[in-house]
Visitor: 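One structure is given below, represented as structure tokens, and several questions about it will come after.
Read the numbers this way: they start at 1 and go in the same order the structure lists the ligands and their atoms.
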Amino acid sequence: MKTIDEQTAEKHKAKMAKRKAMQDAEVAGKTVEKGLLIVNTGPGKGKTTAAFGLALRMIGYGRRVGVVQFVKGAWHTGEKDAFAAFGDRVVWHTMGEGFTWETQDIKRDVAAAEAAWAKAVELMADPSINLVILDELNIALRYDYLDLDMVVETLKSRREGLHVVVTGRNAKPALIEAADLVTEMGAVKHHFSAGVKAQQGIEF
Ligand code: ATP
Ligand code: MG
């Protein structure tokens, strides 16, 4: 073990005490509690999986979570099966028909987005649900499958205390403006560029 002399230990203690006082004061200054509108966007990996991380946190407190998947349809995902193990604590709707370049049918895409949005509205109105994840809603907005103003207004007027997470690349500025927390995942490096295919347990 690295040896630490008395003087260094004392100096460290004083520094940390000062840091703690600052931190405590900062925490004490934050008193608001509210349902958050959270947006996970950006070109890097981790938007959807971070949202499901929050779902696990909620479930850990015995709370209920609602999920609507706007795009994924054809794909089987591990998370869907895993969350099924939590029974009615998770309400899950996979509404998407798949990526837009796969369906190649705008009428079908719009109909799927509208059906998904209807489910989203239903889940957001359910008082027993604490967190609603609208996975890849940004994609439906990007292609104008849903009316942006209508969606943003509905999200803004969500039930008090309800947390909503929206995921997907290219979040619209109006949604970012309305959100409380926005995280941009940066694509620093992705194995896909090196020819690595989508793998079980990592991508789906
Ligand atoms: P994840 O579901 O793993 O959290 P994500 O939600 O951030 O990823 P999406 O934009 O929904 O990513 O893309 C879905 C899939 O595309 C993911 O499986 C992911 O690994 C892959 N992907 C994400 N970012 C990149 C990238 N920069 N280049 C290539 N593929 C990517
Ligand atoms: Mg995603």
Visitor: Closer than 4.0 Å to some heavy atom of Gly44 - which atoms of ligand 1 meet that?
Guide: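 Listed by number with element: 7 (O), 24 (N).
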Visitor: Are Val166 and Leu141 packed together at the side-chain level, in the sense that at least one heavy-atom pair is separated by less than 4.5 angstrom?
Guide: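 Counting from C-beta outward, Val166 and Leu141 never come under 4.5 Å.
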Visitor: Got a salt bridge between Asp180 and Arg158, using NZ or NE/NH1/NH2 to carboxylate O under 4.0 Å?
Guide: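 Answer for the salt bridge query: yes.
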Visitor: State, with a plain yes or no, whether a side-chain heavy atom of Leu123 is found less than 4.5 Å away from one of Leu134.
Guide: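 Result no, sub-4.5 Å side-chain heavy-atom pair not found.
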Visitor: Touching ligand 1 at all, Ala198? Heavy atoms, strictly under 4.0 Å?
Guide: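 In this structure, Ala198 fails to qualify as a contact of ligand 1 - no heavy atom is under 4.0 Å.
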Visitor: Backbone or side chain, does any N or O of Phe192 fall under 3.5 Å from an N or O of ligand 1?
Guide: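 It does not: no N or O of Phe192 is found under 3.5 Å from an N or O of ligand 1.
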Visitor: Judged by atom type as modelled, is there a donor-acceptor pair below 3.5 Å linking the side chain of Arg64 to the main-chain atoms of Asp126?
Guide: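 A pair under 3.5 Å: no.
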Visitor: Quick one: which of Lys45, Glu136, Lys47 has a heavy atom closest to atom 11 (O) of ligand 1?
Guide: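 The residue whose heavy atom sits nearest atom 11 (O) of ligand 1 is Glu136.
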Visitor: Is there any N or O on Pro43 that sits under 3.5 Å from an N or O of ligand 1?
Guide: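 Yes, Pro43 has an N/O under 3.5 Å of an N/O on ligand 1.
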Visitor: Are Glu153 and Lys156 ion-paired here, with the side-chain N under 4.0 Å from a carboxylate O?
Guide: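 Yes, this pair counts.
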Visitor: Mark yes or no for whether His93, through its side chain, and Met95, through its backbone, hold a donor-acceptor pair below 3.5 Å.
Guide: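 No, because the side chain of His93 does not come within donor-acceptor range (under 3.5 Å) of the backbone of Met95.
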Visitor: Is there a side-chain contact between Glu203 and Lys45 (heavy atoms, below 4.5 Å)?
Guide: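 A side-chain contact exists here, since the closest heavy-atom pair is under 4.5 Å.
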Visitor: With respect to Thr49, determine whether any N or O atom, backbone or side chain, lies less than 3.5 Å from an N or O atom of ligand 1.
Guide: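 Yes, at least one N or O pair falls under 3.5 Å.
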Visitor: For ligand 1, which atoms sit closer than 4.0 Å to a heavy atom of Thr48?
Guide: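 So the answer, numbered in order with elements, is 2 (O), 4 (O), 5 (P), 6 (O).
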Visitor: Non-hydrogen atoms of Met185 versus ligand 1: any pair closer than 4.0 Å?
Guide: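 Met185 does not count as a contact of ligand 1 under the 4.0 Å cut-off.
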Visitor: If you take the nearest heavy atom of each of His190, Gln199, Glu79, which one is closest to atom 28 (N) of ligand 1?
Guide: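 Closest candidate by heavy-atom distance is His190.
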Visitor: How wide is the angle at the Mg ion (ligand 2) spanned by Glu136 OE2 and Thr48 OG1, rounded to 10 degrees?
Guide: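 The two atoms subtend 100° at the Mg ion (ligand 2).
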